[in-house]
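For reference, the structure is listed below as structure tokens.
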Amino acid sequence: NTRKHKLWQFNGGLHLPQHKHESTQTPLTRATLPKRLYLPLQQHIGEAAEPIVKVGEHVLKGQQIAHAHGYVSVPVHASSSGTVIEIGNHPVPHPSGMQAPCIVIETDGEDRWAKLQPLNMDLHDLNPSALRNRLRETGIVGLGGAGFPSFIKLNPGARTFVDTLILNGAECEPYITCDDTLMRLRAHEIIQGLEIMRYAMQAKQCIIGVEDNKPEAYAALQEAIRDEGNTAKDIQLIQIPTIYPTGGEKQIIKVLTGKEVPADGLPLDIGIVCHNVGTAAAVYRAIIHGRPLISRIITVTGKGIQTPCNMEVPFGTPI
């Protein structure tokens, strides 16, 4: 549904040099599998996961190697096959350069998958609570940046349903084009993931917001909605003005709905939940194919890079 949709504005905002085209001129590539993977036990907001493997143990790609500790937590899975050679402190992706507990896997080069559990029933035969539990076990977290466990955000709680589910495809930061690439190449996964999310929280309506500097991504999502037919016909796909920081959760909610999230509150307080397009694609892969979250697309770009591009990179890959 791409009919004219009323848009609102938030206070402030900047028109910044985009630097987007540099990294969208080459096809998506897969990062080379490193000899060692360093998998932090804290890949998410909340409690760090606890190891369930020992040094010397051989693990398979997608195998759970650390289980969730506490409610706000998710498991960690091996991002390739190999042998656990260490469980100890290593530098992690953090502005301070701090160290944190990691499971170190020496890869065997086979990249061999563990046995997965794809969905073998109709989605609607699975109740929303069981659906959220499956998502938790596959380690899905928000891929917009915060890394919040997705199964929690997909729980409407006492409300029993959510008024509006927003999928954030704004990607307003200069240089970064990983979501743009995902929307161009895997639009069908995003739309099917959105429908799974919608069912999990019994959302009344779904809106996808995409900044108007991404015409290829917008067209791909349009086509995916058409291909899905009746189940997706009422999804609203909206182009929004390119202005920083439209991709911020509170800003995109204001632009698309005119509603403001209370300063000390959450979007759920006004009946709205916002997820990233990358999270939707990960939800599709987790539920339909049983694939845990073990990689993501990242943008490698800037003046110091000879060939700026987007790469699908296994978690734990040293940079």
Side-chain angles (χ1 to χ4, degrees), residues 5-14 42-48 68-74 94-95 128-129 131-133 135-136 139-173 176 179 190 193-211 234-280 282-283 293:
H5 180 93
K6 177 176 168 62
L7 296 175
W8 287 262
Q9 291 180 313
F10 56 88
N11 290 329
L14 298 167
Q42 181 106 39
Q43 294 184 18
H44 49 270
I45 286 177
E47 292 287 315
H69 179 65
Y71 178 64
V72 185
S73 184
V74 292
H94 189 276
S129 177
L131 179 62
R132 289 190 291 270
N133 284 336
L135 282 173
R136 186 186 198 195
I140 305 297
V141 299
L143 291 174
F148 189 78
S150 297
F151 78 95
I152 298 174
K153 275 184 79 173
L154 289 170
N155 186 354
R159 298 180 65 92
T160 70
F161 66 87
V162 167
D163 295 313
T164 306
L165 170 57
I166 291 175
L167 216 53
N168 187 342
E171 194 170 47
C172 63
E173 296 85 354
I176 300 175
D179 285 350
I190 292 168
L194 175 59
E195 292 180 288
I196 293 168
M197 293 166 133
R198 179 182 198 167
Y199 174 66
M201 59 179 55
Q202 303 291 293
K204 284 185 176 180
Q205 64 171 332
C206 296
I207 305 174
I208 307 174
V210 181
E211 278 196 336
D234 61 342
I235 292 172
Q236 296 183 72
L237 176 62
I238 310 298
Q239 279 188 307
I240 55 181
T242 297
I243 184 168
Y244 182 88
T246 299
E249 185 173 71
K250 292 183 177 182
Q251 285 79 12
I252 197 169
I253 289 171
K254 178 68 182 291
V255 169
L256 289 171
T257 70
K259 296 180 180 178
E260 293 194 3
V261 179
D264 58 349
L266 298 168
L268 190 58
D269 296 333
I270 56 172
I272 295 171
V273 172
C274 192
H275 283 276
N276 178 263
V277 288
T279 310
V283 164
L293 183 60

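Everything quoted here is computed from the prediction, not taken from an experiment.
- Legend: residues meeting side-chain contact (heavy atoms from CB on, under 4.5 Å) with C206, ordered by chain and number and at least two apart, are L165, L194, R198, I235.
- Remark: Q42 engages A48 in a side-chain contact (heavy atoms from CB on, under 4.5 Å) (not counting sequence neighbours).
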Mind running side-chain contact (heavy atoms from CB on, under 4.5 Å) on V74 and F151 for me, showing each step along the way?
CA-CA 9 Å; V74 292; F151 78 95; 4.2 Å; yes

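- Taking E171 as the reference, nothing meets the salt bridge (Lys or Arg N to Asp or Glu O under 4.0 Å) condition, with sequence neighbours excluded.
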Using side-chain contact (heavy atoms from CB on, under 4.5 Å), reason through I238 and V210 one step at a time and then give a plain yes or no.
CA-CA 6 Å; I238 310 298; V210 181; over 6 Å; no

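- The side-chain heavy atoms of W8 and V255, taken from C-beta on, include no pair separated by under 4.5 Å.
- Considering only residues two or more places apart in sequence or on other chains, N168 meets the side chain to side chain donor-acceptor pair (under 3.5 Å) condition with none of them.
- The shortest heavy-atom contact between I140 and A282 is CD1-O, 3.6 Å.
- Taking the side chain to side chain donor-acceptor pair (under 3.5 Å) definition, one finds that T242 meets it with D212, sequence neighbours left out.
- Shown here for F161 and K204, the closest heavy-atom pair between the two residues is CE1-CE, 3.4 Å.
- What you find for S73 and P149 is that their closest heavy atoms are N-CG, 4.0 Å.
- Under the rule for a side-chain contact (heavy atoms from CB on, under 4.5 Å), the partners of L268 that lie at least two apart in sequence or sit in another chain are R159, V162, V273.
- In this structure, T279 OG1 and L135 CG are separated by 10.5 Å, a value rounded to the nearest 0.5 Å.
- Between the side chains of Q205 and T164, at least one donor N or O lies within less than 3.5 Å of an accepting N or O.
- Residues that satisfy the salt bridge (Lys or Arg N to Asp or Glu O under 4.0 Å) test with R132, not counting sequence neighbours, are absent from this structure.
- Nearest heavy-atom pair, I270 versus P262, reported as atom, atom and distance to 0.1 Å: CG2-CD, 4.1 Å.
- No more than 12 heavy atoms of other residues, nucleotides or ligands lie within 6.0 Å of OH in Y244, so this atom counts as exposed by the packing criterion.
- The two residues G247 and C172 make their nearest non-hydrogen contact at N-SG, 3.3 Å.
- Atom OG of S129 and atom CG of L154 lie 12.0 Å apart (nearest 0.5 Å).
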Show, in sequence, the C-alpha distance, side-chain angles and deciding distance for I240 and T246, and conclude whether the side-chain contact (heavy atoms from CB on, under 4.5 Å) test is met.
CA-CA 8 Å; I240 55 181; T246 299; 3.4 Å; yes

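- Partners of Q9 according to the side-chain contact (heavy atoms from CB on, under 4.5 Å) rule, which considers only residues two or more places apart in sequence or in another chain, do not exist here.
- With sequence neighbours left out, the salt bridge (Lys or Arg N to Asp or Glu O under 4.0 Å) criterion links E260 to K254.
- L131 CG to R136 CZ: the interatomic distance, rounded to the nearest 0.5 Å, is 14.5 Å.
- V277 places none of its side-chain heavy atoms less than 4.5 Å from the side chain of L143.
- Pairs engaging residues 237-251 under the salt bridge (Lys or Arg N to Asp or Glu O under 4.0 Å) rule: K153-E249 [sequence neighbours left out].
- Side-chain atoms of F148 and V141, non-hydrogen and from C-beta on, never get closer than 4.5 Å to each other.
- A distance of 10.0 Å separates CD in Q239 from CG in L7, rounded to the nearest 0.5 Å.
- In this structure the side chain of M197 reaches within 4.5 angstrom of the side chain of L167, judged on heavy atoms.
- Proximity of a side-chain donor or acceptor of E47 to a complementary backbone N or O of Y71 within less than 3.5 Å is not detected.
- At a threshold of 4.5 Å between non-hydrogen side-chain atoms, the residues F10 and I252 do not count as touching.
- Within the structure, the salt bridge (Lys or Arg N to Asp or Glu O under 4.0 Å) test picks out no pair touching residues 262-276 (sequence neighbours left out).
- Between P156 and A200, the closest heavy-atom pair is CD-O, 4.2 Å.
- Pairs engaging residues 260-279 under the ring-ring contact (aromatic ring centres under 6.0 Å, His included) rule: none recorded [sequence neighbours left out].
- The SG atom of C274 sits 12.5 Å away from atom CG of L266, with the distance rounded to the nearest 0.5 Å.
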